[in-house]
Asker: 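Sending over a structure as structure tokens; questions will come in a sec.
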Amino acid sequence: MDQKLYNSYVKILKNELVPALGCTEPIAIAYAAAKAHEVLGQMPEKIELCCSGNIIKNVKGVKVPNSNGLKGIDVAATLGVVGGRADRELEVLEDVTEADIEKTKELVQQGFCTCTLKEGVENLYIVAKVIAGEHSAEVTIVNRHTLISRIVKDGEVLYQIAAHEDSPEYVDKSVLNVKDILEFADTVRIEDVKDILDRQITMNSAISDEGLNHPYGAQVGRTLLNDYGNDVKIRARARAAAGSDARMSGCSLPVVINSGSGNQGMTVSLPVIEFAKEWNVSQYKLYRALVVSNLIAVHQKKYIGSLSAYCGAVSAGCGAGAAITYLSGGSYEDVSLTIVNTIGNVGGIVCDGAKSSCAAKIASAVDAAILAHYMGQHHRSFQPGEGIVREDVEDTIKSMGYIGRVGMKDTDTEILNIMIDRVDIDEVCK
């Protein structure tokens, strides 16, 4: 494999597969708030947030980690100010104390934090402004949960950067394609990816265990195991769903994310790990399969974007299905059939924010991916021209990306309108 392309693939994995504590949208808000507090250099009197609709949508219904079950944008921002450590980035709330939580409750009751919706901006957009007397500090995050694009103190711009080719933050994901991903997986030096994949296996397995052992959320994972049986196809779904059960309910355990999402990070990894155990494949084969699942998911998301009305569990589940096919010795054609069959089945699941039902959507996406795998084993697939399925796997991925980024834009707006009570459903549905 060309060395430059090889290095790009390694860099993509290292940039994407990072630990995060709790749902990444409230964590991103806490991170922005903690950084603004750090820049201000004193405890602020108030914090003003300005966020995109997708951020608001994904924070509204999910519990903030290490908050003793509290929810909300104001909680995430206030806790970030009170007890957050900006240097920990997506683990910003790791060291929060009981005293910090009590202080946060008091400040939230006092109206310490306000938030306004910002329209016409990137789907992932956060501005956190903290104010103390005549002094203020403002931090802007755009496009990626830890990408601080602008820092202002007392009206003076201290830092400003764009995620472009000249930026150290930039990763060229346009080089991703299914054929090269499989070649990279076959040839990658394990030492180049072992540490990040070991971390993904360890952290994501731990939170899955937590979700199976305790009654978090709607208990989707536990329901699957209790009522559907113990077949590997059920265990693969249950493991991923259980991790989400715990994570969406405020479990303090970190996970390794994919495409900026913990749910997607668990979905691309846990089903693959479960099939690897069932089939007794080597650890090195598992590493290579996880390379496939992670990169296939990122490949799809590069067209869709970080946040949209398109449920990211689908692209992540699709990546897991592709990796399961790879684990079984499947060829490029077999992996392509798995991807096409998954997209042709559950490509329309909508994202209506981060919350407990994400676990059920993960279970559905993984179920579709496993079905797609077994269909492909028998050379059965959805045909070009049927819906959004096109002539080859790359064009099918692009067509779904277009639907997610462009076609579902209005859907995204209307979902948010429903969630923030901007629309009278009874009147509209007369």
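It should be emphasised that the depicted structure is a prediction, and the values quoted were computed from it without experimental measurement.
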Asker: What do the steps show when you test Arg85 against Glu91 for salt bridge (Lys or Arg N to Asp or Glu O under 4.0 Å), and what is the final call?
Answerer: CA-CA 8 Å; Arg85 281 184 50 186; Glu91 295 177 288; over 6 Å; no
Asker: Which one of Leu327, Val281, Leu286 satisfies the side-chain contact (heavy atoms from CB on, under 4.5 Å) criterion with Phe275?
Answerer: Leu327
Asker: Is the backbone N or O of Arg199 less than 3.5 Å from a side-chain atom of Thr202, with the two atoms forming a donor-acceptor pair by type?
Answerer: no
Asker: Checking Asp74 against Cys115 for the side chain to side chain contact (heavy atoms under 4.5 Å, CB included) test, could you report, in this order, the C-alpha distance in whole Å, the side-chain angles of both residues, the deciding distance, and whether it holds?
Answerer: CA-CA 8 Å; Asp74 50 357; Cys115 180; over 6 Å; no
Asker: Go through the side-chain N and O atoms of Thr396 and Arg390 and say whether any donor and acceptor fall under 3.5 Å apart.
Answerer: no
Asker: Does either side chain, that of His145 or that of Glu89, offer a donor lying less than 3.5 Å from an acceptor on the other one?
Answerer: no
Asker: For residues Tyr287 and Asp198, is any side-chain donor paired with an opposing acceptor at under 3.5 Å?
Answerer: yes
Asker: For the SG atom of Cys113 and the CD1 atom of Ile73, what is their distance to the nearest 0.5 Å?
Answerer: 8.0 Å
Asker: Can you find a heavy atom in the side chain of Phe112 that is under 4.5 Å from one in the side chain of Glu45?
Answerer: no
Asker: Are the side chain of Lys233 and the backbone N or O of Leu371 linked by a donor-acceptor pair below 3.5 Å?
Answerer: no
Asker: Is a side-chain donor-acceptor pair under 3.5 Å present for Ser261 with Asn263?
Answerer: no
Asker: Counting only N and O atoms by type, is there a donor-acceptor contact under 3.5 Å from the side chain of Lys355 to the main-chain atoms of Lys63?
Answerer: no
Asker: Between Lys301 and Tyr310, is NZ or CZ placed under 6.0 angstrom from the six-membered ring centre and within 45° of the ring axis?
Answerer: no
Asker: Would you call Asp352-Lys361 a salt bridge at under 4.0 Å N-O?
Answerer: yes
Asker: Do the side chains of Thr140 and Lys129 get nearer than 4.5 Å, heavy atoms only?
Answerer: no
Asker: Test side chain to side chain contact (heavy atoms under 4.5 Å, CB included) on Ile339 and Val178 and set out the steps.
Answerer: CA-CA 10 Å; Ile339 294 170; Val178 176; 3.9 Å; yes
Asker: Whether the side chain of Thr338 engages the backbone of Asp334 through a donor-acceptor N/O pair (distance < 3.5 Å, no angle test) should be reported.
Answerer: yes
Asker: Can a donor-acceptor pair be found between the side chains of Ser52 and Asn123 at a distance below 3.5 Å?
Answerer: no
Asker: How about Lys118: does its NZ atom have over 12 heavy atoms from other parts shown lying under 6.0 Å from it?
Answerer: no
Asker: Short question: side chain of Ser399, backbone of Ile388 - any donor-acceptor pair under 3.5 Å?
Answerer: yes
Asker: Between Thr342 and Asn345, does any side-chain donor sit less than 3.5 Å from a side-chain acceptor?
Answerer: no
Asker: In terms of side-chain heavy atoms, does Gln200 have a donor or acceptor partner in Asn258 at a distance below 3.5 Å?
Answerer: no
Asker: Examine the side chains of His373 and Thr325 and answer whether a donor and an acceptor come within less than 3.5 Å of each other.
Answerer: yes
Asker: Quick one: does Thr114's side chain get under 4.5 Å of Leu49's, heavy atoms only?
Answerer: no
Asker: Applying side chain to side chain contact (heavy atoms under 4.5 Å, CB included), run through Ile207 and Cys251 and close with a yes or a no.
Answerer: CA-CA 8 Å; Ile207 198 169; Cys251 175; 4.1 Å; yes
Asker: Would you say the side chains of Gln219 and His214 form a donor-acceptor pair under 3.5 Å?
Answerer: no
